[in-house]
Amino acid sequence: MEAYLDNSATTCLCQTAKEKTVEAINKYYGNPSSLHSLGTASQKQLEAARAAVADSLFCQAEEIIFTNSGSLANNAAVFGAVHALRRRGNRIVTTCVEHPSVYECMASLEKEGFEVIYLKVDKLGRINRSDLMKAVNSKTILVSIMCVNNEVGSIMPVEAAKAAVRAAGAPALIHCDAVQAYGKMPLKPSRMGVDLLSASGHKINGPKGVGILYVRKGVRLAPYVLGGGQEGKIYSGTQPMPAIMGMWGAVEELPNLTEQLAKTRQLRDYFVAEAVKIDGLCINSGDDALPYIVNISLPGHPSQTVLNFLSDRGIYVSGGSACSKGHRSKVLTAMGLPPERIDSALRISFSRFTTKEEIDMLLCGLESAESSLRKKM
């Protein structure tokens, strides 16, 4: 038996996603932009997939743009918004714990002369609403705040951004990186007050190679990928139909998110209650974090050493964000954790397929790792 508990990095393909992917490869291989019957058939499937994703977000199909990943959706949102509004202001507000696909965009924009305000987080990885209100001024053109942190699962007060923008009289667009939230908690962009929202197929048991960007109707973005004008002229290029149809299949198979969230919270609470019995183990995620992600530390035992120990026994977790390989976590650093906890951190991430048996296997593995590695010290 194996225990795959690295679902925040990627997930396995669900059955419907597999079927839709194979169907696209075998049947819908025509270019959706072609005017012959094969192209028309692919175009119909493309729009059906778009409608399914839109339904999952309670928005209109025309508000969904397909990209090649969540990271590219984030890039398209950030650069598209800033370059569309650069004549109206120079300030961007984000957080110090964003995913690299947002954080690195900000570093690039700073080199272009934009002023970027990085909101600090508390010891549980959450920003303060009052800090957000103070940071947004009349020259702010973009506010980009993730919905759920990819390392510790903290849920950000994204809905507060709209109030901050209105209070400041700012022209800002509001972007939310919802890659770790989509398919795990109910999301409705219009209720959240966001103009742009990013998500990814391979985090919800769909294939890699497809992401989506919600663009509120009426919002204008500067094109991110130039070419034939596909995807609302924002993200040109021939659409990857196998990946898009695979994501459609994953969306179709999503369970009731509220019910699944409650089930996952029970598993998370069970894991935490048992894990803290292991000598020295610390929980870095807050009780109010999204239960799909639990960050832990075994101080004195480097992350990679424990990860390898577990991997040899068929237990798969992460040493942190898979997109920050080899670097000390800026998220845990921003939370003020001491170096020994940061360097021993592991991210445990669940999916709707995670079982209690897998969690028990992990608990046994962690206990064995702590005992075995302590004897070697």
Side-chain angles (χ1 to χ4, degrees), residues 8 57-59 70 73-74 77-78 81 91-99 101-103 105-106 116-138 140-199 203 213-214 216 219 257-258 261-262 264-265 268 284-295 321 330-337:
S8 286
L57 288 171
F58 306 96
C59 68
N74 280 337
V78 171
R91 176 173 285 201
I92 302 167
V93 176
T94 188
T95 81
C96 65
V97 294
E98 293 297 310
H99 186 272
S101 61
V102 169
Y103 200 87
C105 289
M106 300 303 173
V116 181
I117 306 299
Y118 298 93
L119 300 174
K120 295 181 179 180
V121 296
D122 62 18
K123 63 181 181 180
L124 295 178
R126 304 166 302 193
I127 62 169
N128 186 290
R129 290 171 184 261
S130 63
D131 290 343
L132 174 59
M133 294 294 291
K134 294 174 184 175
V136 178
N137 64 15
S138 62
T140 303
I141 56 174
L142 175 66
V143 178
S144 182
I145 301 175
M146 64 187 354
C147 184
V148 172
N149 183 263
N150 56 302
E151 291 193 38
V152 297
S154 51
I155 300 174
M156 298 295 189
V158 177
E159 70 285 351
K162 191 69 174 180
V165 168
R166 284 178 175 169
L173 292 175
I174 300 169
H175 167 243
C176 175
D177 171 2
V179 168
Q180 294 295 342
Y182 179 63
K184 300 181 180 71
M185 60 187 287
L187 296 174
K188 189 174 183 180
S190 60
R191 186 175 298 168
M192 297 165 68
V194 303
D195 303 294
L196 308 163
L197 182 144
S198 311
K203 308 292 188 180
L213 176 62
Y214 159 84
R216 181 176 60 78
V219 168
L257 299 186
T258 301
L261 191 61
T264 304
R265 184 171 287 110
R268 187 276 307 271
N284 300 323
S285 298
D287 291 339
D288 60 350
L290 187 75
Y292 285 87
I293 299 175
V294 185
N295 195 291
S321 169
K330 63 180 176 63
V331 175
L332 300 183
T333 301
M335 288 166 57
L337 295 185

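Position 1 is the first residue of the sequence, and the numbers go up from there.
- Using a 4.5 Å heavy-atom cutoff, the side chains of L187 and C147 are in contact.
- You'll find the side chain of L197 stays beyond 4.5 Å of the side chain of Y182, heavy atoms only.
- Annotation: the span from L337 atom CG to N284 atom CG amounts to 5.0 Å, rounded to 0.5 Å.
- Looking only at side-chain heavy atoms (C-beta outward), Y103 and T95 stay at 4.5 Å or farther from each other.
- Judged purely by atom type and a 3.5 angstrom limit, D131 has no side-chain atom pairing as donor or acceptor with the backbone of K134.
- Judged by distance alone, the side chain of R91 and the main-chain N or O of A135 form a donor-acceptor pair under 3.5 Å.
- The line from CG of D177 to CG of L213 is 11.0 Å long, rounded to the nearest 0.5 Å.
- No side-chain heavy atom of N128 sits under 4.5 Å from any side-chain heavy atom of D122.
- Between M156 and R126, the shortest heavy-atom contact is SD-CA, 4.1 Å.
- In this structure, the side chains of V121 and V331 stay at 4.5 Å or more apart for every pair of heavy atoms.
- Crowding of D288 atom CG: a count of heavy atoms from other residues, nucleotides or ligands under 6.0 Å exceeding 12.
- Listed by chain and number, the residues in a side-chain contact (heavy atoms from CB on, under 4.5 Å) with I155 are V148, L290 (sequence neighbours excluded).
- Side chains of M335 and V97 form no contact here, defined as non-hydrogen atoms less than 4.5 Å apart.
- Closest non-hydrogen pair, E98 versus I145, comes out as OE2-CA, 3.7 Å.
- Interatomic distance, K203 NZ to Y292 OH, rounded to the nearest 0.5 Å: 14.5 Å.
- Using a 4.5 Å heavy-atom cutoff, the side chains of N149 and Q180 are not in contact.
- Between the S8 side chain and the N150 main chain, no donor and acceptor come within less than 3.5 Å of each other.
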> Does the side-chain contact (heavy atoms from CB on, under 4.5 Å) test come out yes or no for V143 and L132, once each step is laid out?
Replying inline: CA-CA 9 Å; V143 178; L132 174 59; 4.2 Å; yes

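- The distance from the OH atom of Y214 to the CG atom of L196 is 8.5 Å, given to the nearest 0.5 Å.
- Separation of atoms CE (M106) and CD1 (I117) is listed at 11.5 Å; rounding is to 0.5 Å.
- Of the charged side-chain nitrogens involved, none lies within less than 4.0 Å of a carboxylate oxygen, so that K188 and E159 do not count as a salt-bridged pair.
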> Would S285 and N295 satisfy side-chain contact (heavy atoms from CB on, under 4.5 Å), going step by step from the backbone distance to the final call?
Replying inline: CA-CA 5 Å; S285 298; N295 195 291; 3.5 Å; yes

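- We find the SG-CG distance between C96 and L119 to be 8.0 Å, quoted to the nearest 0.5 Å.
- Considering every non-hydrogen atom in both L124 and G286, the closest pair reads CD2-CA, 3.8 Å.
- When side chains are defined from C-beta on, K184 does not count as touching T264, because their heavy atoms never get closer than 4.5 Å.
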Acceptor/donor pairs from residues 161-175 side chains to any protein atom, 3.5 angstrom cut, sequence neighbours excluded:
residue, atom, partner, partner atom, Å
H175, ND1, S144, OG, 2.8
H175, NE2, N74, OD1, 3.3
H175, NE2, S198, OG, 2.9

